[in-house]
Each structure stands twice: as structure tokens, then as C-alpha cells.
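Values below: every heavy atom of this structure, side chains too, minus hydrogens, waters and symmetry copies. Since we're looking at a predicted model, the values are computed, not measured.
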Amino acid sequence: MTHLLALRETEPFHLLLLDNHPDNQEPAFGGVLSCGSWVKAMREDNPMLRDILWIGPEGGDYVPWLDERRGERLYISLDKDVMAPQWARTDWTQGEYSLDEVEKILKTAFDMTEVVAVDICGELSASKGATPEDMRVNFETNTKLYNLVCQN
């Protein structure tokens with residue numbers, strides 16, 4: 001959805017991507033946009049996108065990057081698979097970020113830039129086999145993230 005929603009942007013913006021996977025691949029199904037290809041498509045299709053910082057398994061030095069874009073428009077995409085299973089339950093390989101680390105990144109982004117949109121995705125659903133414990137963990141993390149985003 002990020003790619004499609006961001007096509008509606010009429011002013012330049014940057015993308016901060018928190019994801020355990022870069023999602024920058026060729027489409028797997030003959031040019032059909034997918035969860036693995038949307039970043040590549042966004043780079044190619046969105047004239048308003050200026051640049052992307054990917055924070056993934058190897059980290060990302062986000063403070064200098066955000067500082068260079070201070071006051072500018074920023075779109076944030078958070079795939080919860082960047083987080084450790086203690087904080088998010090997904091059906092992809094997961095990273096090691098804690099909720100505190102993700103919250104710190106988001107707060108810094110809100111403090112330094114003009115955040116125009118935030119999307120949060122990537123959790124395991126009941127239809128894909130989520131247990132009640134998975135649902136509880138995701139609900140608690142979603143609540144904390146929602147509160148943080150709404151306060152900013």
C-alpha cells in the first residue's frame with residue numbers, strides 16, 4: 001500500500017523504511033507489484049520520492065540522515081518483521097529490534113522532519129495461523145505504536 005498511497009504525493013518526500021527485508025526486488029509474478037518489489041517500483045515510478053533510508057538487519061545510521069533532511073517531508077514505512085519476536089509476530093524472518101529501539105527511531109523522525117504518513121504492516125494474521133499469544137503480542141505493540149504516532 002505504501003507505493004500506491006505515496007503516488008498521491010504532490011510534493012517531494014523521503015522514505016524511511018524499517019524492514020528486515022529491502023523489498024527492492026524484481027516482481028516475482030510478471031510485473032505484478034508485490035511485498036518484495038514495492039520499493040523498486042516506488043524508486044522507478046514516483047517522481048516525488050527523493051531518497052530512501054533502509055533500516056534493516058545491519059542497522060542504519062538514521063540520525064545524520066534525518067538531520068540532513070531536517071524539516072523536510074518524510075514518509076515512514078514500518079514492517080514489523082524488523083522487530084524481534086518478543087515485540088512482533090510475523091510470518092517472515094525477523095530482525096532483532098526492540099520496541100524501544102523502533103520507538104526511538106520514530107520519535108527522532110517526528111522531531112527532525114515533517115512526517116506526512118506512517119504505515120505499519122507485517123504481522124502474522126489469524127488466517128495465517130497466529131495463536132492467541134501471537135495476537136496478544138501484536139496487539140500490545142500495535143497499541144504502543146499507534147499511541148506514539150497519534151501523539152506526534
Show me the donor-acceptor pairs, under 3.5 Å and distance only, between side chains in residues 93-100 and residues at least two apart or in other chains.
residue, atom, partner, partner atom, Å
T93, OG1, H21, NE2, 2.8
Q94, OE1, T90, N, 3.3
Q94, OE1, T90, OG1, 3.4
Q94, NE2, M83, O, 2.8
Q94, NE2, A88, O, 2.7
Y97, OH, G56, O, 3.4
S98, OG, D100, N, 3.4
S98, OG, E101, N, 3.0
S98, OG, E101, OE1, 3.4

So CG of L145 and SG of C150: to nearest 0.5 Å the spacing works out to 10.5 Å
Here the gap from F13 atom CZ to L74 atom CG, rounded to the nearest 0.5 Å, amounts to 9.5 Å
Could I get the full list of side chain to side chain contact (heavy atoms under 4.5 Å, CB included) partners for [X], not counting sequence neighbours?
{"X": "D51", "answer": "H14, W65, R69"}
{"X": "E68", "answer": "none"}
{"X": "V118", "answer": "I76, F110, V115, I120, V149"}
{"X": "S127", "answer": "S125"}

Tell me whether R70 contacts the main-chain N or O of L66 through its side chain, where contact means a donor paired with an acceptor under 3.5 Å.
no
Notebook entry, point to check: So, does R89 use its side chain to make a donor-acceptor pair with the main chain of Q86 at under 3.5 Å?
Noted result: no
Original post:
Ion pair present between E9 and R73, side-chain N to carboxylate O less than 4.0 angstrom?
Top reply: yes
Of all heavy-atom pairs linking L124 and M135, the shortest is O-SD, 4.3 Å
Across all chains, not counting sequence neighbours, the side-chain hydrogen bond (donor to acceptor under 3.5 Å, both in side chains) partners of E140 are R136
| request: State, without any angle test, whether K107 and N152 hold a side-chain donor-acceptor pair at a distance under 3.5 Å. | output: no
| field | Donor on one side chain, acceptor on other, D134 and T131, under 3.5 Å | value | yes
